[in-house]
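Since the structure comes first, as structure tokens, the remarks are kept for the end.
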Protein chains: 2
Amino acid sequence: MQTPDLDQLDIAILACLQADARTIAETIGAKVGLSAAAVQRRIKRLREAGVIEREVAVLSPQALGLSMTFVVMVEMERENLAVLDAFRRQVLGDDCVQQCYYVTGSADFVLIVTCPDMAGFETFTRRMFFDNPNVRHFTTSVAMDRVKVGLNLPLGP
Amino acid sequence: MQTPDLDQLDIAILACLQADARTIAETIGAKVGLSAAAVQRRIKRLREAGVIEREVAVLSPQALGLSMTFVVMVEMERENLAVLDAFRRQVLGDDCVQQCYYVTGSADFVLIVTCPDMAGFETFTRRMFFDNPNVRHFTTSVAMDRVKVGLNLPLGP
DNA sequence: GCTGAAATGGCCTCACT
DNA sequence: AGTGAGGCCATTTCAGC
């Protein structure tokens with residue numbers, strides 16, 4: 001990543017695309033005051049520059065039977081690189097883990113986990129935590145409501 | 001949401017689209033063993049049924065100068081509906097807040113926050129927490145690494 | 001260099017089989 | 001569900017600013 005000189009037009013285009021990637025160039029052009037061709041040229045440039053990392057379909061967790069979300073704070077036994085890396089790999093390979101952050105503070109990792117039900121989550125905790133001697137402690141919070149699920153980054157000043 | 005009878009072909013199509021929403025129907029068809037038109041018919045159905053909620057561009061936080069991510073646990077003063085709803089609205093209107101979950105446990109809310117820098121986060125904490133008498137306590141964890149940022153839901157059995 | 005207008009080409013859509 | 005005609009949209013080209 002090297003060239004993030006984005007003008008206001010780029011920002012406006014990005015705002016449209018992160019709201020709806022299927023917005024046609026003509027519509028965007030009308031909003032930002034550019035021709036459709038110019039919009040598409042900029043989109044192509046933004047893709048190649050990596051400002052637009054990818055374009056994805058957002059699926060409904062409910063429709064897929066994944067109605068439960070959990071926030072889990074994980075504290076590791078000893079913070080050496082090998083242990084942390086092993087846990088990273090385990091997290092990356094587990095489909096239940098939607099997100100994982102390696103953080104400062106009392107916990108080492110924060111996980112956002114989705115499961116079909118409570119039983120699924122128990123199976124998850126077993127394979128992820130109880131079977132892992134390097135996990136000292138974990139704290140689970142059940143998400144009663146997803147107030148905000150951020151896919152959009154704040155744009156503009 | 002009422003009609004989640006998805007067969008294996010639907011699942012396979014969804015897997016393609018949540019990896020890359022720009023995958024053309026012909027390519028998907030070759031993978032799953034269907035004609036392009038059949039794939040598009042299914043995609044249309046999945047969109048109308050709400051299984052595909054939307055299609056969005058994923059932007060690079062770095063490219064937009066949002067290099068810092070925080071996990072914040074928030075504890076409210078008194079858990080009455082008015083206070084909680086007010087906080088919800090505040091969260092929804094704040095661009096720094098990427099995600100927010102209302103959870104069980106010692107904390108009431110878990111926030112995922114992105115800011116350009118530490119100063120930006122301090123400004124955020126002031127307007128969101130210190131200026132809010134209903135916030136009893138909050139704990140910040142700085143994300144040193146985004147190990148996994150889940151946009152993909154686990155598909156299949 | 002970036003823009004807008006027009007021509008080309010690709011993909012989606014729809015009617016029909 | 002597959003096939004093919006039609007239409008829409010992205011892409012390229014070219015001239016102008």
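Only this structure's heavy atoms are used, side chains among them; waters, hydrogens and symmetry mates stay out. All values reported here derive from a predicted model rather than from experimental measurement. By convention in this document, chain letters (A, B, ...) are assigned in the order of the sequence lines, proteins followed by strands, and residues within each chain are numbered from 1.
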Rounded to whole Å, please give me the gap between [atom1] in [X] and [atom2] in [N].
| X | N | atom1 | atom2 | result |
| --- | --- | --- | --- | --- |
| L17(B) | dC12(C) | CG | P | 10 Å |
| R45(A) | dT12(D) | CZ | P | 15 Å |
| L34(B) | dC12(C) | CG | P | 14 Å |
| I24(A) | dT13(C) | CD1 | C1' | 15 Å |
| R22(A) | dC11(C) | CZ | P | 14 Å |
| Q40(A) | dG10(C) | CD | P | 16 Å |
| E55(B) | dC12(C) | CD | C1' | 13 Å |
| E26(B) | dG4(D) | CD | P | 14 Å |

- Taking only the side-chain nitrogens and oxygens of K44(B), find out if one of them lies under 4.0 Å from OP1 or OP2 of dC12(C).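 For dC12(C), OP1/OP2 do not have a side-chain N/O of K44(B) under 4.0 Å.
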
- R42(B) side-chain N/O to dA1(D) phosphate OP1/OP2 under 4.0 Å: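 Answer yes for this pair, as a side-chain N or O of R42(B) is under 4.0 Å from OP1 or OP2.
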
Looking only at side-chain atoms of [X], point me to the closest of [options].
| X | options | value |
| --- | --- | --- |
| R41(B) | dG4(C), dG2(D), dT11(D) | dG2(D) |
| S35(B) | dT3(D), dC9(D), dC12(C) | dT3(D) |
| A25(B) | dC12(C), dC14(C), dA10(D) | dC12(C) |

- Message: Using a 3.5 Å distance criterion without hydrogens, assess whether the side chain of D108(B) forms a donor-acceptor pair with backbone atoms of M76(B).
- Response: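 Yes.
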
- Task: Taking Q90(A) for its side chain and R127(A) for its backbone only, find out whether a donor-acceptor pair lies under 3.5 Å.
- Result: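 Pair found, side chain donor or acceptor close to backbone of R127(A).
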
- Anything under 30° is parallel, anything over 60° is perpendicular, the rest tilted; go ahead and classify F70(A) against F121(A).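 Plane angle under 30°, so parallel.
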
- Query: For A38(B), which contact category applies under a 4.0 Å heavy-atom criterion: base, sugar-phosphate, or nothing?
  - Reply: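 Sugar-phosphate contact only - A38(B) comes under 4.0 Å of backbone atoms but never of a base.
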
- When you check the gap from the basic side-chain N to the acidic O, do D10(B) and R42(B) get nearer than 4.0 Å?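 Result for this pair is yes, salt bridge flagged.
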
- Item | D94(B)/K148(A) ion pair, N-O < 4.0 Å |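 Salt bridge between D94(B) and K148(A), a charged N being under 4.0 Å from a carboxylate O: no.
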
